Amino acid sequence: MTFIERFNHTHLDILKEIGNIGAGHSATALSKILNKKIEMNIPEVRIVSFDEMMDLAGGADNVVVSVFLQIEGDAPGSMFLLLPLEQASLLVRQWTGLSNFAFEGPPYDQLAMSALEELGNILSSSYLSSLSDFTKLNMYPSVPQISVDLVGAIISMGLIQLSQVSDYATVIDTSVIESDQSILEGVKGHIFLLPDPNSFTKLFQALGVTGHE
């Protein structure tokens, strides 16, 4: 049975619900940090090739700010927070007070990079904490790794281990938007949650779902 054949609509709906719960907790944490109402929406859960995953993030040649971390514990995986340069700059300015900061080229301000690293840590911790509560599985993030690079380079490096066992990833794609969009003006970031292939059995069993129709 191939990776794709393992899933039906029920499995994908469950993964979407897991993503919605994690997104809700992360949005609350981000709203408190920025003192603005932030929403996170789950458009859909997708089984995609690695090339398609890059397209979701704007294309392999798109330059973004990335916070990458490993998910450790009972259901290992990976998580990416990908932000367009404009949104990452806005978040840094709103959080740190660096009123003139912008991601225009290296070297980057250390305070700005530390702020985004901490942002990734807060979002991932709140996301995984809610998933652990929901599934009763122990999941926690590794130390975040922040980079400013091409989407293709970021995702390829982050998926080295996954690519050894599969050509596809199940992506819970979370869009990050400010609710009134007066500041972020339709610019969206993404959180990609990618459980390892062997983690799906544990996730579904924890939720009382067995078998693959």
Side-chain angles (χ1 to χ4, degrees), residues 1-33 38-48 50 53 56-57 66-82 117-145 155 158-177 189-213:
M1 182 178 291
T2 67
F3 181 77
I4 293 178
E5 289 172 340
R6 295 175 61 191
F7 297 93
N8 59 31
H9 289 300
T10 299
H11 296 121
L12 295 180
D13 286 345
I14 289 171
L15 291 175
K16 184 173 181 178
E17 182 59 26
I18 289 174
N20 276 320
I21 291 170
H25 283 248
S26 295
T28 299
L30 186 56
S31 296
K32 290 180 179 178
I33 291 171
I38 301 295
E39 296 179 354
M40 294 188 180
N41 300 320
I42 310 287
E44 61 181 305
V45 176
R46 318 180 196 197
I47 300 175
V48 298
F50 297 153
M53 183 177 168
L56 291 176
S66 165
V67 182
F68 170 77
L69 54 92
Q70 297 282 354
I71 301 170
E72 301 174 349
D74 295 333
S78 304
M79 183 180 287
F80 293 89
L81 169 62
L82 301 179
E117 186 175 279
E118 181 61 18
L119 175 68
N121 189 49
I122 291 171
L123 290 180
S124 61
S125 295
S126 59
Y127 209 116
L128 293 179
S129 176
S130 64
L131 299 194
S132 293
D133 290 344
F134 186 59
T135 62
K136 308 305 180 185
L137 295 173
N138 183 30
M139 289 180 279
Y140 52 91
S142 67
V143 176
Q145 302 174 30
I155 290 181
L159 296 183
I160 287 177
Q161 291 182 330
L162 183 59
S163 65
Q164 294 174 359
V165 295
S166 176
D167 294 325
Y168 291 86
T170 299
V171 176
I172 301 176
D173 179 11
T174 306
S175 297
V176 184
I177 60 173
H190 296 276
I191 296 174
F192 290 157
L193 178 65
L194 294 89
D196 290 350
N198 291 334
S199 295
F200 287 107
T201 299
K202 294 180 180 179
L203 286 169
F204 292 135
Q205 287 179 344
L207 299 172
V209 179
T210 59
H212 297 275
E213 299 173 10

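Here the structure is a predicted model, which is why all the values come from computation and not from measurement.
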Give a yes or no answer on whether the side chain of Ser199 reaches the backbone of Pro76 with a donor-acceptor pair at less than 3.5 Å.
-> yes
Between NE2 of His25 and CG of Asp133, what distance do you get to the nearest 0.5 Å?
-> 7.0 Å
Approximate separation, where rounding is to 0.5 Å, of Leu69 CG and Ile71 CD1 = 7.0 Å
Donor-acceptor pair, side chain of Ser132 and main chain of Leu137, under 3.5 angstrom | yes
Could you tell me the separation between the CD1 atom of Ile122 and the CG atom of Leu81, rounded to the nearest 0.5 Å?
-> 11.5 Å
Smallest heavy-atom separation, Ser125 atom then Asn121 atom, equals OG-O, 2.8 Å
What distance do Leu56 atom CG and Phe192 atom CZ have between them, rounded to the nearest 0.5 Å?
-> 5.0 Å
For Leu128 against Pro141, the heavy-atom pair lying closest together | CD1-N, 3.6 Å
Minimum-distance pair of heavy atoms, taken over all atoms of Gln70 and Gly77 | OE1-O, 3.2 Å
Between the side chain of Asp74 and the main-chain N/O of Asn138, is any donor-acceptor distance below 3.5 Å?
-> yes
Parallel, tilted or perpendicular for Phe68 and Phe80, by the 30°/60° rule?
-> tilted
